[in-house]
Engineer: 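One structure coming up, written as structure tokens, with questions to follow.
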Protein chains: 2
Amino acid sequence: MPDEARPGGITSAPFVDEYLLYLLAAVSDRASAQFHARARKAGLRVPEWRVLACLTDEDGAMVTRLARLSLLEQSRLTRIIDQMAEKGLVLRRPDPEDARRVRVFLTPDGRALATRLVEDARRHEAGVLDLLPARDAAQLKPVLKALLARLDGEAQV
Amino acid sequence: MPDEARPGGITSAPFVDEYLLYLLAAVSDRASAQFHARARKAGLRVPEWRVLACLTDEDGAMVTRLARLSLLEQSRLTRIIDQMAEKGLVLRRPDPEDARRVRVFLTPDGRALATRLVEDARRHEAGVLDLLPARDAAQLKPVLKALLARLDGEAQV
DNA sequence: TGCATAAATATGAAAATTCATATATCCTTG
DNA sequence: CAAGGATATATGAATTTTCATATTTATGCA
């Protein structure tokens with residue numbers, strides 16, 4: 001790869017390099033890309049891995065809830081569930097208490113794959129955190145958790 | 001909105017709630033959604049806003065570089081540039097020193113819009129950081145910057 | 001110089017994603 | 001208990017996105 005050719009035409013004060021939303025997206029992007037390469041080898045695309053991971057935590061979640069957890073739009077999730085069901089990873093069951101609802105469950109195969117990938121993800125995560133000084137690494141997740149809670153709790157800013 | 005119906009079927013130890021890559025994606029998602037609603041009102045879709053913001057920093061960047069900066073895949077960026085050019089926001093010019101390259105520039109209209117939105121973004125960012133205790137808020141960006149630098153510098157973990 | 005290889009961008013075709021909305025069920029209230 | 005409205009999921013159609021690859025230009029080296 002050649003050097004990151006920076007043309008003469010640079011403007012002035014940097015913006016994106018210092019912009020929180022950019023930093024979040026960029027870090028998420030790069031770090032995730034590393035792991036997603038592994039998920040791919042297990043035959044999963046990114047959203048499928050997300051769904052699998054979320055079901056690890058909340059097996060039997062209803063579609064709407066799962067969509068929110070998985071950071072996916074509902075109609076998209078519906079189609080992803082279709083595909084995962086075809087692959088034998090998940091299973092739809094109507095909610096006995098509310099016939100509008102559909103609950104999504106891991107199949108044994110799905111659970112086995114999820115377990116394997118979650119272990120892998122934990123290892124990968126450790127590797128990412130190792131890139132930071134211990135003090136920073138220790139604080140990052142708690143701060144993000146707090147921020148997420150606030151963002152979810154807030155009215156739109 | 002009804003309460004976040006948690007069915008009986010919760011598994012065991014939480015994973016995603018504590019998983020760095022999930023937290024990053026989730027925070028990025030939620031925080032960005034807030035701002036993206038504003039970008040939309042200016043007639044921009046998310047990737048277009050990203051490109052505009054990046055050009056604010058590096059006007060005249062070549063396509064490959066701009067794709068990397070904007071977190072977009074190259075062939076996608078090519079088409080987004082088409083659309084932005086049609087809207088009169090950007091302009092393609094061949095690089096005089098290397099005819100393979102195409103450099104992308106903001107038009108005056110593009111720059112005006114970018115300036116306006118960047119100001120807006122800065123205000124929004126301040127609002128997001130205000131959700132955190134001052135100490136945490138102060139550390140978040142530097143930590144993310146450091147992590148990004150490491151991720152970019154590293155071989156795949 | 002001429003060839004093989006690499007780099008930068010664009011593009012066709014398949015697949016995924018979005019947006020609006022249909023459908024089915026549930027809930028509230030008169 | 002019927003009607004109106006809300007909620008949950010699914011789906012059609014348009015648009016976007018991806019993936020592989022074509023095309024053009026540059027570069028290194030025999």
Side-chain angles (χ1 to χ4, degrees), chain A residues 1-7 25 29 32-33 36-37 39-41 43-51 58 60-87 90-105, chain B residues 1-7 25 29 32-33 36-37 39-41 43-51 58 60-87 90-105:
Chain A
M1 196 182 299
D3 68 10
E4 298 289 347
R6 293 258 209 110
D29 224 60
S32 293
H36 292 161
R40 267 204 115 84
K41 284 176 192 157
L44 296 178
R45 286 165 315 144
V46 174
E48 293 175 326
W49 151 241
R50 289 225 171 110
V51 169
E58 291 195 23
M62 55 184 276
V63 172
T64 306
R65 165 79 182 151
L66 189 56
R68 185 170 174 79
L69 261 187
S70 311
L71 313 176
L72 296 169
E73 194 256 340
Q74 177 264 316
S75 74
R76 173 136 84 113
L77 176 59
T78 287
R79 298 186 226 239
I80 287 166
I81 293 169
D82 291 342
Q83 296 169 329
M84 294 178 75
E86 275 181 17
K87 293 184 190 177
V90 301
L91 188 56
R92 265 187 252 245
R93 279 200 266 149
D95 185 324
E97 295 182 2
D98 185 336
R100 293 170 303 178
R101 295 182 176 176
V102 170
R103 297 202 172 272
V104 184
F105 294 86
Chain B
M1 196 182 298
D3 68 10
E4 297 290 348
R6 293 256 208 111
D29 224 61
S32 293
H36 291 161
R40 268 205 115 85
K41 284 176 191 156
L44 295 179
R45 286 166 314 147
V46 174
E48 292 176 326
W49 152 241
R50 289 225 170 109
V51 169
E58 291 196 23
M62 56 183 277
V63 172
T64 306
R65 164 80 181 150
L66 189 56
R68 186 170 174 77
L69 262 186
S70 310
L71 314 176
L72 294 171
E73 194 256 340
Q74 178 265 314
S75 75
R76 172 135 85 115
L77 176 59
T78 287
R79 298 185 227 240
I80 287 166
I81 293 169
D82 290 342
Q83 296 170 330
M84 294 179 77
E86 275 181 17
K87 294 184 189 177
V90 302
L91 188 56
R92 265 186 251 246
R93 279 199 266 149
D95 185 325
E97 295 180 4
D98 185 337
R100 293 171 302 180
R101 295 182 175 176
V102 170
R103 297 201 172 272
V104 184
F105 294 87

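First the proteins, then the strands, lettered A, B, ... as listed; each starts at 1.
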Engineer: Within this structure, what is the CZ-to-P distance between Arg100(A) and dC27(C), rounded to whole angstrom?
Structural biologist: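 It is 6 Å, rounded to the nearest whole Å.
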
Engineer: Could you tell me which residues satisfy side chain to side chain donor-acceptor pair (under 3.5 Å) with Arg93(B), sequence neighbours excluded, listed by chain and number?
Structural biologist: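 Not a single residue meets the side chain to side chain donor-acceptor pair (under 3.5 Å) criterion with Arg93(B).
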
Engineer: Using the side chain to side chain donor-acceptor pair (under 3.5 Å) criterion, which residues pair with Ser75(A)? Sequence neighbours excluded.
Structural biologist: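 Ser75(A): side chain to side chain donor-acceptor pair (under 3.5 Å) contacts with Glu73(A).
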
Engineer: Looking only at non-hydrogen atoms, find the nearest pair between Trp49(A) and Ala39(A) and report the distance.
Structural biologist: CB-CB, 4.1 Å

Engineer: Produce the list of close N/O pairs, under 3.5 Å, pairing protein atoms with atoms of nucleotides 15-19 of chain D; give distances to one decimal.
Structural biologist:
unit_1  : atom_1 : unit_2   : atom_2 : d
dT16(D) : OP1    : Arg45(B) : NH1    : 3.2
dT16(D) : O5'    : Arg45(B) : NH1    : 3.2
dT17(D) : OP1    : Arg76(B) : NH1    : 2.8
dT17(D) : OP2    : Arg76(B) : NH1    : 3.2
dT17(D) : O5'    : Arg76(B) : NH1    : 3.2
dT18(D) : OP2    : Arg76(B) : NE     : 2.9
dT18(D) : O4     : Arg79(B) : NH2    : 2.9
dC19(D) : OP1    : Arg40(A) : NH2    : 3.2
dC19(D) : N4     : Ser75(B) : OG     : 3.1

Engineer: Please list, chain by chain and in numerical order, all residues satisfying side chain to side chain donor-acceptor pair (under 3.5 Å) with Thr78(A), sequence neighbours excluded.
Structural biologist: Gln74(A)

Engineer: Can you measure Arg101(A) atom CZ to dC26(C) atom C1' for me and round it to whole angstrom units?
Structural biologist: 10 Å

Engineer: So, is Arg92(B) close to the dA10(C) phosphate, meaning a side-chain N or O under 4.0 Å from OP1 or OP2?
Structural biologist: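 For Arg92(B), the contact criterion (side-chain N or O under 4.0 Å from OP1 or OP2 of dA10(C)) is met.
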
Engineer: Just how far, in rounded Å, is C1' of dT9(D) from CZ of Arg103(A)?
Structural biologist: 13 Å

Engineer: Roughly how many Å is it from CZ in Arg68(A) to C1' in dA8(D), rounded to a whole number?
Structural biologist: 16 Å

Engineer: Measure CG/Leu77(B) against P/dA8(C) and give the value in whole Å, please.
Structural biologist: 14 Å

Engineer: Could you check whether the side chain of Gln74(A) and the base of dA10(D) have a donor-acceptor pair of N or O atoms closer than 3.5 Å, going by distance alone?
Structural biologist: yes

Engineer: What's the CD1-C1' distance between Ile81(A) and dT17(C), to the nearest Å?
Structural biologist: 15 Å

Engineer: Closest heavy-atom contact between Met62(A) and Arg103(A)?
Structural biologist: N-NH1, 3.5 Å

Engineer: Would you kindly give the CG-to-C1' distance between Asp95(B) and dA10(C), to the nearest whole Å?
Structural biologist: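 After rounding, the reported distance stands at 17 Å.
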
Engineer: Going by side chain to side chain donor-acceptor pair (under 3.5 Å), name the residues that satisfy it together with Arg79(A), two or more places apart in sequence or in a different chain.
Structural biologist: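 If we apply the side chain to side chain donor-acceptor pair (under 3.5 Å) test to Arg79(A), skipping adjacent residues, there are no hits.
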
Engineer: If I compare all heavy atoms of Leu77(A) with all of Val63(A), which pair ends up nearest, and what's the gap?
Structural biologist: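 In this case the closest contact between Leu77(A) and Val63(A) is CD2-O, 3.3 Å.
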
Engineer: Taking C-beta and beyond as the side chain, do Pro47(B) and Arg76(B) meet within less than 4.5 Å on heavy atoms?
Structural biologist: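 Pro47(B) reaches Arg76(B) side chain to side chain.
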
Engineer: Please give, in whole Å, the distance from dA7(C) P to Met62(B) CE?
Structural biologist: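 Taking CE of Met62(B) and P of dA7(C), I get 11 Å after rounding.
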
Engineer: What's touching nucleotides 1-5 of chain C from the protein side, N or O pairs under 3.5 Å?
Structural biologist:
none

Engineer: Distance-only, no hydrogens or angles: does the Lys87(B) side chain make a donor-acceptor pair with backbone N or O of Leu44(B) under 3.5 Å?
Structural biologist: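 Answer holds: no.
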
